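Let me begin by presenting the structure, written as structure tokens, before commenting on it.
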There are 2 protein chains.
Amino acid sequence: MPELPFTLDQLRILKAIAAQGSFKKAADLLYVTQPAVSLQIQNLEKQLEITIFDRGGRKALLTEAGRLLLEYCERILNQCDEACKAIEDLNSLKGGTLVIGASQTTGTYLMPRMIGLFRQKYPEVSVQLQVHSTRRTGWSVANGQIDLAIIGGQLPGDLENLLQVIPYATDELALVLPSKHPLSNKKELLKEDLYKLNFVTLDSQSTTRKVVDKLLKDSGLDIQRLKIEMELNSLEAIKNAVQSGLGASFLPVVSIERELAAGTIHKAFIADLEVKRELKLITNPSRYTSRASEVFKKNILPQFASFESPLREP
Amino acid sequence: MPELPFTLDQLRILKAIAAQGSFKKAADLLYVTQPAVSLQIQNLEKQLEITIFDRGGRKALLTEAGRLLLEYCERILNQCDEACKAIEDLNSLKGGTLVIGASQTTGTYLMPRMIGLFRQKYPEVSVQLQVHSTRRTGWSVANGQIDLAIIGGQLPGDLENLLQVIPYATDELALVLPSKHPLSNKKELLKEDLYKLNFVTLDSQSTTRKVVDKLLKDSGLDIQRLKIEMELNSLEAIKNAVQSGLGASFLPVVSIERELAAGTIHKAFIADLEVKRELKLITNPSRYTSRASEVFKKNILPQFASFESPLREP
DNA sequence: AGTCTCCATAAATTTAAATTATCCGAATAA
DNA sequence: TTATTCGGATAATTTAAATTTATGGAGACT
């Protein structure tokens with residue numbers, strides 16, 4: 001690897017002299033003394049084995065070699081300026097990319113709004129959303145492919161320690177019924193009523209399904225006795241199934257806001273049972289945190305922390 | 001004028017780390033110690049207020065900002081390399097331009113051969129030939145528009161001191177006659193024979209004409225008595241006139257080599273009279289001397305210093 | 001000629017960078 | 001697990017570089 005025969009400062013000086021036509025004026029422009037300029041140019045000339053300026057009269061004129069060097073000089077310094085600008089933009093969130101991870105649910109129903117708000121505030125930062133399983137999202141955060149993520153499930157133990165996991169919000173998994181279901185008139189259901197329902201659930205691999213099963217079990221229910229009409233792998237499909245009267249389901253409230261408002265689906269309350277899970281923000285503390293990521297965490301997330309309060313569209 | 005937030009060395013280090021994936025390896029590559037690398041990157045990060053590398057595990061990985069900076073870094077360093085190469089080429093005469101000045105005579109008959117030889121040796125240096133009057137050529141050398149010139153006349157006094165004038169060669173101004181002219185049989189003419197001739201001369205503005213007139217006068221001839229058939233402003237025209245038997249003329253031997261060899265023109269000798277002028281090389285000592293100019297002066301010119309010896313075609 | 005401006009040079013100072021030596025943490029191996 | 005290694009950070013010292021102050025000289029303008 002060859003040594004560089006000049007420094008950026010020397011190029012800066014060269015440019016200044018060429019522009020001012022004088023060592024002295026260049027020195028004034030650069031806020032240094034005249035000998036500093038002279039010596040640097042001498043070094044440059046020695047290094048490159050060329051004469052750059054004719055110092056004959058009162059003006060310093062470029063030689064042929066000087067003109068040649070100046071061309072490159074300008075280009076180089078321009079690139080430097082551009083680099084500075086790009087970095088500044090990155091610092092002031094006028095550029096760059098933010099990669100966000102999310103589970104199916106939050107990725108579908110929550111993130112679009114958050115990202116919308118973020119992009120409204122920082123339109124020059126491009127945002128990428130990656131929807132994966134909790135496990136895979138965790139790994140992506142761990143190795144830096146994702147800046148920050150929101151998950152609703154449990155991380156593998158090893159990742160749990162590696163990553164920073166911050167409880168962020170509560171996600172209620174509401175029992176929803178077809179609006180014309182007989183039980184949808186009851187003010188409050190009893191746990192035992194659940195055994196009477198036909199369920200349309202997510203498939204058993206899904207995080208949300210696992211969470212629901214665990215919560216119901218913990219509350220004393222025998223989940224084996226619950227009748228499962230069918231297992232689907234899409235919340236939208238389940239919603240449609242419920243609306244068509246095919247059965248009940250536990251669904252994140254964030255995913256059914258529109259349907260509740262429209263009355264096409266009914267949310268039931270169950271005595272002594274709250275099916276809620278924690279949504280957690282995960283980041284990688286051992287990694288560089290981009291400004292965009294910082295801002296997203298500090299300014300955007302808190303606005304969506306409460307799911308109970310109706311969210312304004314951006 | 002803003003200070004630069006980084007140095008080329010820092011960029012070099014950045015690039016090396018990015019390529020090697022490690023501070024240590026980069027340090028080895030650059031023949032410095034590891035702390036030197038660490039500190040420079042720290043300075044860079046501090047200056048730009050960004051984090052460039054994730055130093056988590058065994059490998060130093062670029063952050064987003066780091067990748068952004070690296071892009072510019074590569075471009076900048078490439079430009080630097082290119083600049084170096086261009087300068088090297090200039091130094092090794094693989095580029096650049098040489099501007100040569102000459103009078104009508106040397107420009108027409110001498111320079112083409114010299115330039116041919118030069119370009120054969122240094123084909124990548126482009127050469128420009130400017131044919132002007134002695135006076136104008138002198139000024140062009142003075143203000144640097146011409147690197148070096150060969151003149152046959154007398155410079156204005158002020159330029160004489162300003163420029164370096166080196167006697168370079170003797171240019172004989174031969175008396176030429178139509179080959180079938182009665183006097184062309186005589187072994188040696190007498191000065192008085194000149195009064196019997198009809199002359200075809202250059203116009204009285206021309207340097208060569210002035211030189212000839214002065215030399216004849218100095219040798220005791222009365223130039224008023226010389227019969228001038230016509231005045232032309234081109235040597236070629238005069239040559240044609242002589243060959244056509246219209247008259248005699250004093251012409252630079254360099255301009256009639258071909259005709260002498262072919263016998264279409266006759267060169268006469270005059271007792272006690274040698275019409276010779278000094279061709280002089282002029283350069284500007286107070287100005288940068290390009291390598292090309294140096295080489296031309298040292299290596300090319302001497303090969304053409306003697307007009308008596310037949311010149312080889314390049 | 002005299003003065004002014006501009007650049008070069010020398011010596012001294014200040015500033016920056018590199019090195020040596022050491023520590024710390026994470027990954028690897030026993 | 002513990003030991004070892006590798007890579008990076010840090011501190012103190014040395015070395016090197018760039019800047020400044022002071023001064024001299026050459027050309028240009030009056």
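Proteins get letters first, then strands, A, B, ... in listed order; numbering begins at 1 in each. Since this is a predicted model, take the numbers as computed values, not measurements.
Among pairs with a residue in residues 69-78 of chain B, none fulfils side-chain hydrogen bond (donor to acceptor under 3.5 Å, both in side chains), at least two apart in sequence or across chains. Applying the ring-ring contact (aromatic ring centres under 6.0 Å, His included) test to every pair with at least one member in residues 129-151 of chain B, sequence neighbours left out, gives no pairs at all. For residues 46-55 of chain B, the side-chain hydrogen bond (donor to acceptor under 3.5 Å, both in side chains) pairs, not counting sequence neighbours, are A:Arg287-B:Asp54, B:Glu45-B:Arg55.
Looking at residues two or more places apart in sequence or on another chain, you find a side chain to side chain donor-acceptor pair (under 3.5 Å) between A:Thr97 and A:Ser126. B:Phe118 pairs by the ring-ring contact (aromatic ring centres under 6.0 Å, His included) definition with B:Tyr122, B:Phe296, not counting sequence neighbours. Applying the ring-ring contact (aromatic ring centres under 6.0 Å, His included) test to A:Phe53 and every residue at least two apart in sequence or in another chain returns A:Phe23. Residues satisfying the salt bridge (charged side-chain N to carboxylate O under 4.0 Å, His left out) test with A:Asp218, not counting sequence neighbours, are A:Lys214. For B:Val131, the side-chain contact (heavy atoms from CB on, under 4.5 Å) partners at least two apart in sequence or on another chain are B:Gln104, B:Leu129. Residues satisfying the salt bridge (charged side-chain N to carboxylate O under 4.0 Å, His left out) test with B:Glu294, not counting sequence neighbours, are B:Arg291.
Taking atom CG of residue A:Asp158 and atom P of nucleotide C:dA27, one finds them 13 Å apart after rounding to whole Å. Atom CG of A:Leu162 and atom P of C:dG25 are 17 Å apart (whole Å). The interatomic distance linking A:Gln42 (CD) with C:dC7 (P) rounds to 12 Å, in whole Å. Put simply, CG on B:Leu30 is 11 Å from P on C:dT19, counting in whole angstrom units. Distance CZ (B:Phe23) to C1' (C:dA18): 16 Å, rounded to an integer number of Å. What separates CD of A:Gln40 from P of C:dA8 is a distance of 13 Å, to the nearest Å.
For DNA chain D, the contact window with chain A, defined by any atom under 4.0 Å from a protein heavy atom, covers D:dA18 to D:dC29 in 5' to 3' order.
The existence of a salt bridge linking B:Lys85 and B:Asp81 is excluded, since no basic side-chain nitrogen approaches an acidic carboxylate oxygen closer than 4.0 Å.
For the helix from C:dA1-D:dT30 to C:dA30-D:dT1, the end axes, each set by the C1' atoms of five terminal pairs, are bent relative to each other by 30° (nearest 10°).
When heavy atoms are screened at a 4.0 angstrom cut-off, B:Thr33 is found touching base atoms of the nucleic acid.
Only at 4.0 angstrom or more do the heavy atoms of residues 45-53 of chain A sit from any atom of DNA chain D, so none qualifies.
Remark: A:Ser38 is not in phosphate contact with C:dC7, judged by side-chain N or O atoms under 4.0 Å from OP1 or OP2.
Of the two residues near DNA chain D, A:Gln34 and A:Gln10, the one whose nearest nucleotide lies more 5' is A:Gln10. Checking A:Pro35 against B:Ser22, the closest nucleotide of DNA chain D that is more toward the 5' end is the one next to B:Ser22.
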How far apart are the C-alpha atoms of A:Arg12 and A:Asp9, what are their side-chain angles, what is the distance that settles it, and do they pass the salt bridge (charged side-chain N to carboxylate O under 4.0 Å, His left out) test?
CA-CA 5 Å; A:Arg12 231 155 56 95; A:Asp9 276 322; 3.5 Å; yes
